Number of protein chains: 2
Amino acid sequence: MKIDTDNPYNELKRVFHEPSRLAIMSALCAAAGGLSFNELKAACDLTDGNQSRHLKTLESAGMVTIKKGFIGVKPRTTVFLSDQGRESFLDYLSALEIVLQRAADAVQPGDVSLPHVSPAGA
Amino acid sequence: MKIDTDNPYNELKRVFHEPSRLAIMSALCAAAGGLSFNELKAACDLTDGNQSRHLKTLESAGMVTIKKGFIGVKPRTTVFLSDQGRESFLDYLSALEIVLQRAADAVQPGDVSLPHVSPAGA
DNA sequence: GAAAACTACTTTGCAATACAAAGCTGAGGT
DNA sequence: ACCTCAGCTTTGTATTGCAAAGTAGTTTTC
């Protein structure tokens, strides 16, 4: 998909443009084998209720796949990134990068005052 | 303000984390002398109603200052970035950069597939 | 072996709010 | 006098983020 560089703000899809869901998507992107409900909860620091709701939102949008099963006697919900989810998320990130770049330029033209962070240390 | 790199998602303040308001803040950052209601509208591609509401939100949060006057007989609303607004926005952008970096790393560890954009071409 | 507590979620309810459409106010045109 | 237009503001609706309460099955406690 081509990003509209004139209006990258339009490309900031709401399904991703939400701190909690951004965290969920990032965590899932790094976990090829999916993550359990609790692993995800720990990674994103969410409450059960909120995570449940956000997962449902992401699932309805086709961005993640949810598999419910049992480990022994305990229920086990596992969440996977869907192919479409990964693709759409990449588009979102591209748009976000353009927006960020533009903002950084606007803040102090000729002198980007944002410190460059090193790769996520978590 | 120190950014919580463990949970940068918490630093994504809602007052900025909204495409339209992001656009407004970016536009204002680049305009030291403020922007008129209509200039801003053109820059952000917003409808009158939405812009009015977003400006009120930003003003309530103390992020912008709004000055209403007249040019000849016509009303002229001018919007300025407040000092606190600039500062808070910078914090927001820092958090956003961390989030983006982390997501990019998660998507394809060892190979950032996001194309690097050149400074805003607008 | 019944009751209480725990795990792993889901549902409900409320408050916030994004957006569009309608409204308002004064100025100019005819 | 009436219409229209510019420059905003207000209203109404539908969405939704979040916390708290609820559900179902399991294990522990006494």
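Below, chain A is the first sequence line, B the second, and so on; all start at residue 1. Please read all numbers here as calculations on a predicted model, not as lab measurements.
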Under 4.0 angstrom between B:Thr77 side-chain N/O and D:dG7 OP1 or OP2: no
Phosphate-side-chain proximity, B:His54 and C:dC19, N/O vs OP1/OP2 below 4.0 Å: yes
Value in whole Å for how far the P atom of C:dG28 lies from CZ of B:Phe70: 12 Å
Touch class at under 4.0 angstrom, heavy-atom based, for A:Arg53 against every strand present: base
Position toward the 5' end of DNA chain D (nearest nucleotide), A:Thr47 or A:Lys74: A:Thr47
Side-chain N,O (A:Lys56) to OP1/OP2 (C:dT11) below 4.0 Å: yes
Whole-Å gap separating P (C:dT7) and CD1 (A:Ile71): 17 Å
Shortest non-hydrogen separation from A:Arg14 to A:Arg21 and the atoms involved: O-NH2, 3.2 Å
Phosphate contact (D:dC18 OP1 or OP2) by A:Arg21 side-chain N/O below 4.0 Å: no
Side-chain heavy atoms of A:Leu46 within contact of A:Leu40, under 4.5 Å: no
A:Leu46 CG - D:dA19 C1' separation (whole Å): 13 Å
Sugar-phosphate only, base, or nothing, as touched by B:Gln51 at under 4.0 Å among non-hydrogen atoms: nothing
Flag side-chain contact, heavy atom, 4.5 Å: B:Val79 against B:Glu59: no
Sugar-phosphate only, base, or nothing, as touched by A:Ser52 at under 4.0 Å among non-hydrogen atoms: base
Minimum-distance nucleotide (side-chain atoms of A:Lys68 versus C:dT10, C:dA18, C:dA20): C:dT10
Nearest-angstrom distance from the residue atom CG of A:Leu35 to P of C:dC9: 13 Å
Spacing of B:Lys67 atom NZ relative to D:dC8 atom P, expressed in whole Å: 14 Å
Whole-Å gap separating C1' (C:dA18) and CD (A:Glu18): 13 Å
Crowding at CD, A:Glu87 (>12 non-hydrogen neighbours, <6.0 Å): no
Atom-to-atom span, NZ of B:Lys41 to P of D:dT9 - whole angstrom: 12 Å
Any A:Asn38 side-chain N or O less than 4.0 Å from OP1/OP2 of C:dA8: yes
Protein-nucleotide distance (B:Leu12, atom CG; D:dG17, atom C1'), rounded to Å: 15 Å
Parallel, tilted or perpendicular: ring planes of A:His17 versus B:His17, cut at 30 and 60 degrees: parallel
